[in-house]
Structure formats: C-alpha cells, structure tokens
Novice: 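Sharing a structure here in structure tokens format.
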Number of protein chains: 2
Amino acid sequence: MKITDRKSEIIVTAAKLFKKRGYNAVSMRDIAQELGIKAASLYNHIKSKQEILSDIVLNVAESFTNHMEQIYPQSINSIQKLEAIIQNHIDITVQKTDFLACMNNDWMHLDEENLATYLKLRNAYEASFRKILQEGIAKNELENQNSEIVIFSILTTLRALYLWYSKKSSVEVEVLKKDLPKTLLHGIVKN
Amino acid sequence: MKITDRKSEIIVTAAKLFKKRGYNAVSMRDIAQELGIKAASLYNHIKSKQEILSDIVLNVAESFTNHMEQIYPQSINSIQKLEAIIQNHIDITVQKTDFLACMNNDWMHLDEENLATYLKLRNAYEASFRKILQEGIAKNELENQNSEIVIFSILTTLRALYLWYSKKSSVEVEVLKKDLPKTLLHGIVKN
DNA sequence: AAATTAAACTAACAATCGTTAGTTTTGTTA
DNA sequence: TAACAAAACTAACGATTGTTAGTTTAATTT
C-alpha cells in the first residue's frame, strides 16, 4: 500500500508539463526525464500517452460534474447556487491547477472515445448551469438577459481561473473567493 | 499586383488549421495539402513554420494595440471607453476569427524573440485597460472592486469570444454587441 | 522566340516521435 | 537464501517532423 503509486506520479508530472507547453509539445522522453527515468520505463505503468491525457481530463471533468449533481437539486435560490458553483471552480483551480489547465487546453487531443465522453460531461454541465439561470430569471432573482451570453461569459472566466491563480499568492485566493462572485454577478458599474 | 499573394493564402490556411488542431498538431504537409501543393513548395513563400505563427499572432496583437492607442487618450468617460474596447474585441473576433484563436492558443509556441514582442504588446494592453478602470473608480463611475479580478474576468471573456462566435450565426453578432457589454458591466443580479 | 523569373516538383536529410521487445536491476516474500 | 515480482534498463522499430538541395514546369518580360 503506497501513499502515491507510480502511475499517479507520472500523471501529475505529465500534467505539470502539459500545462506549460501543451500535450503535443511534450514528449514521453520529456515526462520520463522529469521523473529521472527512461521513456520506455513509463510503459510499465501506463498504456499510452493518450491514457495519461484522458486520465487527467476526465478526472477534472468528473469533479465538476459531481459537484453540479450535488448542488443542482438543492432547495436554495439561484444566486446561492451560482455562488456555490463559483466557489467550486475556485476550489478545483487551487487543488488541481495543472489538471484543469490541461483539460482546458488539450481536451481536443483526446481520441474519439474519450472525446465523446468528455463532451457529454461538458454539455451536461452547461445544461444544468443554463437551467439554474433560467430558474433564476423565472423567479425574478436574475435579470432577463441572454442566457447563452451569460453562460459563456461566466463559464469562460471560471475555466480560465487557473491562469490568474498561477500568478497569485495563496493569500489572494481568499480575496478571489470574496470578490469574484461580486464581479461576475453584480457587474462593475455604479447604479 | 495580386489581390492576395501566395504568402497570405498560406498564412490564412495555416491559421484555419491551427485553430482546429493547434500549432503543434498541424504539420507543414497538412498545410500544403490544404492548398493542393507539396510541403517543400511552401518554402518558396515563407521562411519557416515559426514565421507563419509569428505573422498570425503579431498581426492580431497589433490590431488590439492600435485600437487601444486610439481609444485610450480620448476624452470620453471610462464606461464609454470600456464599451468601445468590448466592441473592438467583437469586431476582431468576427473579422479575424482564426487568427485570434491561434493567438489565444498558440502564443506560447513563439520563439524567444517573437514571444518577447508578443508579451510586451500584451502587457501594455493590460496596463492601459487597468488605467481606464482605475480612472473610472477615481471618478466614481465604477464600483471600487479589485481591479485585477475585474481585468481578468473581462479580458478572459473577450479573448474567448471566438469560441462563442464559431457556433453562432452572423445575425446573433448584433445581439452580442448589444448584450455583452450589459452582462460584463452591469452583472446579472436584480437590484 | 529567347531569356528570365516565379512557383511548383522529387528526393532526401537528420532529428524526433510513440512504442515494443527483451534484459537487468531492485526490492520483497517464501 | 532462493524465488518472485516490480520497475528500471538498452536497443531498436517504423512513422513523421521541419527543412534543404536540386530540378522541372509555368508565367512573364525582353
């Protein structure tokens, strides 16, 4: 029983490199070198480079899906749900920075089967998000704005949080948790 | 005197492929095939694959810089400046979709020299944006929110617009021009 | 028509890619 | 200590990469 097995080490190391340079610009030899071993040795632990990518991407995608499935049915109002979702994006950004970056940048390099799985998860997530917005509009909690634009705007910002986080200290994460919901939900213009 | 010279055709074709699959996943042979010629023939018109990338990225980056330099010194208030910037992002998204996608996704594959040029342009752009925000806060036109979070949130959304645009009709661009500034500047929560 | 230029071609290069086969080393269990 | 399993190794494969050299074709100018 190991604390972290070798396969996990490989995936974590690969994610770190993928984040910096992108999936296609990182070779198996690069990953191996970072671990102090030879490329061929990686294959004692993983099946292929593609398996590394799909493990990373689907891990993060499932984290988002799981949280959404937990929040969505709760009997809280739409604003509280949106705040919970934003918090979750911040949490995942902090806890799985490299994995998240890899999902954002390299999901299109998944092979046919894994790509289909990923897109299914992603579409379901956006559909739930859309329903929360529309519920909020119906209950007069939110402005009746174009839902697609709102979804796009908020999810794009949340997905890209890892870019912001990489440059900031952990102290500022608390600031982010406090201020980002305000910016996204209430805008910046004075009334 | 040709309407479009061969080099431009190559760059436009490359941008289209880079957008779909990313710089590293597109080979010179792929670009050539799309043009109906052989890979070696490309080198009658361009110096290297890297030159294609830098032409694309710096073209877009300079478009943004030029517009910012034109808007920034105008004597209009901060909200009007922000609206003009948002409009410009939408315009560039529509006019140079593939180039913009390539800039967003592949700038980190620029070689040392071009990367430095790109980052200089990008940092200057963000600095101007920051000053406009702070001017707006000082003049009590904008809420006194964390500037870094606001910059990040708005610029991230604007940079990713090409993703949204690719899926929508040109009719909806008018909707976007009308509604996106509202969403970004005023938020979505009812007062 | 001859000469020149532009733009395509074929062929090949050295390097690197993901991956496999077979072997040796290391660490654990019987 | 002998046996076994896990995890590293060396060596090599076929494919693909960006690019160059040299040649041929097509278009333009003299």
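Naming: A, B, ... by sequence-line order, numbering from 1 per chain.
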Novice: State yes or no: do B:I79 and B:V150 share one hydrophobic cluster built from I, L, V, M, F, W and Y residues joined by side-chain heavy-atom distances below 4.5 Å, directly or via other members?
Specialist: yes

Novice: Whole angstrom is fine here: how far is it from CD1 in B:I31 over to C1' in D:dG18?
Specialist: 11 Å

Novice: Working to the nearest 0.5 angstrom, can you tell me the gap between B:D30 CG and B:L17 CG?
Specialist: 6.5 Å

Novice: Take the protein atom CG of A:L35 and the nucleotide atom C1' of D:dC9, then report the distance between them rounded to whole Å.
Specialist: 15 Å

Novice: Any heavy-atom pair between the side chains of B:E135 and B:K81 that's under 4.5 Å?
Specialist: yes

Novice: Salt bridge check: are B:K20 and B:D98 linked by an N-O gap of less than 4.0 Å?
Specialist: no

Novice: Could you state the atom-to-atom distance from CE of A:M28 to P of C:dA15 in whole Å?
Specialist: 23 Å

Novice: Please round to the nearest 0.5 Å and tell me the distance separating atom CD of B:E83 and atom CG of B:L180.
Specialist: 11.0 Å

Novice: For the pair B:E126 (side chain) and B:N123 (backbone), establish whether a donor and an acceptor sit closer than 3.5 Å, ignoring hydrogens and angles.
Specialist: no

Novice: Rounded to the nearest Å, what distance is computed from the CD atom of residue B:Q33 to the C1' atom of nucleotide C:dC9?
Specialist: 16 Å

Novice: Tell me: CD1 of A:I10 to C1' of D:dA8, nearest whole Å?
Specialist: 11 Å

Novice: Of the residues in residues 44-51 of chain A, which ones touch DNA chain C at a heavy-atom distance under 4.0 Å?
Specialist: A:S48, A:K49

Novice: How many Å lie between CG on A:L42 and C1' on D:dA6, as a whole number?
Specialist: 15 Å

Novice: Can you measure A:E9 atom CD to D:dA6 atom P for me and round it to whole angstrom units?
Specialist: 17 Å

Novice: Apply the ring pair (Phe, Tyr, Trp, His ring centres under 6.0 Å) test between A:W107 and each candidate in A:F18, A:Y118, A:F99; give the one that qualifies.
Specialist: A:Y118

Novice: Do nucleotides 10-16 of chain D as a string where each nucleotide becomes B, S or -: B if the base has a protein heavy atom under 4.0 Å, S if just the sugar-phosphate does, - if no protein is that close.
Specialist: BBB----

Novice: Which label fits A:H109 and A:Y23: parallel for a plane angle under 30°, tilted from 30 to 60°, or perpendicular past 60°?
Specialist: parallel

Novice: Measure from CG on B:L53 to P on D:dT17 and round the result to the nearest Å.
Specialist: 17 Å

Novice: Decide yes or no for B:L100 and B:N104: does some side-chain heavy atom of the first lie under 4.5 Å from some side-chain heavy atom of the second?
Specialist: yes

